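Just below is one structure, and these are the notes that go with it.
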Amino acid sequence: MSEQRLDHVARIQREWARERPDVDVAPQGVIGRLHRLAAHLTEELCVVYHRHGLGEGEFDVLAALRRAGEPYERAPGELARFTMVTTGAMTKRIDRLERDGLVTRRRSGSDGRGRVVALTPAGRRLIDQAFTEHMRNERRLLDALTPQEAAHLEALLTTWLGRVER
């Protein structure tokens, strides 16, 4: 295949194969492309978050609260687990969202030492709007594949992720 027809990852693989023929560079074909695709997807997803005045982390917190159902609240530690960040990082996100009037914090009724974070009405309106646009954006991105390709990719990724996260 000519150099012009190779994608970025294939060019890197070709160079490594030339320089280190003793190393199997085949895994780069999958991992490298997934890594590049993830970067592109994150960039495209963040456009929507920013349009709503949110970063990726703030969107995740508001979405986790909204998914909780009425009364749209969770403990900070639970939010940290749902969004896979440290409690320190979660505190910063909650501080910003509270400052912007999107969440409130209060003492837990069941544990006086614990805290509860809840969506405000403004926070609920914002996440409902942002999530609707987010899903339209994800549909737009996924529409680069046929429905069959998307289903096959989802099945493969589900299997792989299940094995990695086990």
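Index from 1, following the sequence. We use all heavy atoms of the structure for the numbers below, so side chains are in, but hydrogens, waters and symmetry mates are not. Small disclaimer: the values here were computed from a predicted structure and weren't measured.
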**Request:** Given side chain to side chain contact (heavy atoms under 4.5 Å, CB included), test T83 with R93 step by step and report yes or no.
**Result:** CA-CA 11 Å; T83 58; R93 290 176 182 179; 4.0 Å; yes

**Asked** Yes or no on side chain to side chain contact (heavy atoms under 4.5 Å, CB included) for R140 and D143, after CA distance, side-chain angles and deciding distance?
**Response** CA-CA 5 Å; R140 177 187 66 81; D143 281 347; 5.7 Å; no

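- The number of heavy-atom neighbours closer than 6.0 Å to NE2 of H50, taken from other residues, nucleotides and ligands shown, is above 12.
- Taking CZ of R124 as the start and CG of L126 as the end, the distance is 13.0 Å to the nearest 0.5 Å.
- Atom CD of E138 sits in a crowded spot, with more than 12 heavy atoms from other residues, nucleotides or ligands closer than 6.0 Å.
- The cluster map of Ile, Leu, Val, Met, Phe, Trp and Tyr, joined by side-chain heavy atoms under 4.5 Å apart, puts L45 and L37 in the same cluster.
- In the displayed structure, R18 atom CZ is contacted under 6.0 Å by more than 12 heavy atoms of other residues, nucleotides or ligands.
- Within the 4.5 Å cutoff, the side chain of L119 has no heavy atoms near those of the E73 side chain.
- Formation of a donor-acceptor pair under 3.5 Å by the T120 side chain with backbone atoms of L102 is found in this model.
- Under the 4.5 Å side-chain criterion, counting only non-hydrogen atoms from C-beta, R74 is not in contact with V117.
- Using a distance-only test at 3.5 Å, with no hydrogens or angles considered, no donor-acceptor pair links the side chain of E98 to the main chain of T104.
- Under the 3.5 Å distance criterion, the side-chain polar atoms of E149 are matched with a main-chain donor or acceptor of T146.
- Interatomic distance, T91 OG1 to R96 CZ, rounded to the nearest 0.5 Å: 15.5 Å.
- In this structure, L65 CG and I127 CD1 are separated by 9.0 Å, a value rounded to the nearest 0.5 Å.
- With N137 contributing its side chain and V48 its backbone, the two residues share no donor-acceptor pair below 3.5 Å.
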**Item:** Worked check of side chain to side chain contact (heavy atoms under 4.5 Å, CB included) between R107 and V116
**Value:** CA-CA 6 Å; R107 291 206 179 281; V116 174; over 6 Å; no

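- Here the straight-line distance linking atom CG of L79 with atom CG of L62 works out to 9.5 Å at 0.5 Å rounding.
- Using a 4.0 Å cut-off between a side-chain N of Lys or Arg and a carboxylate O of Asp or Glu, R105 and D95 qualify as a salt bridge.
- Within the 3.5 Å criterion, the main-chain N or O of G55 finds a donor-acceptor partner in the side chain of E58.
- A donor-acceptor distance shorter than 3.5 angstrom exists from the side chain of R33 to the backbone of G29, with no hydrogens or angles considered.
- Residues V103 and I94 approach most closely at CG2-O, 3.9 Å, considering heavy atoms.
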**Message:** What verdict does the side chain to side chain donor-acceptor pair (under 3.5 Å) test give for Q129 and H52, after you've listed the backbone C-alpha separation in whole Å, the side-chain angles of each residue and the deciding distance to 0.1 Å?
**Reply:** CA-CA 8 Å; Q129 291 168 359; H52 292 275; 4.6 Å; no

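- In the hydrophobic clustering of ILVMFWY residues, with side-chain heavy atoms under 4.5 Å counting as a link, M135 and Y49 come out together.
- To the nearest 0.5 Å, atoms CG (L34) and CD (Q28) are separated by 12.5 Å.
- Geometric assessment of R66 against the ring of F131 yields a negative cation-pi assignment under the 6.0 Å and 45° thresholds.
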**Request:** Let me see the working for M90 and V61 under side chain to side chain contact (heavy atoms under 4.5 Å, CB included), right down to the final yes or no.
**Result:** CA-CA 8 Å; M90 181 54 60; V61 171; 3.6 Å; yes

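- Between D7 and R11 no salt bridge is recorded (no basic side-chain N to carboxylate O distance below 4.0 Å).
- Note on ring orientation: taking the six-membered ring where Trp is involved, the planes of F59 and H134 are tilted (angle from 30° to 60°).
- To the nearest 0.5 Å, the span separating CZ on R163 from CG on L161 amounts to 11.5 Å.
- A donor-acceptor contact shorter than 3.5 Å links the side chain of D24 to the backbone of A26.
- Follow the hydrophobic side-chain contacts under 4.5 Å out from L41 and you never reach L157; the two are in separate clusters.
- Nearest approach of A122 to G101, heavy atoms of both residues: CB-O, 4.0 Å.
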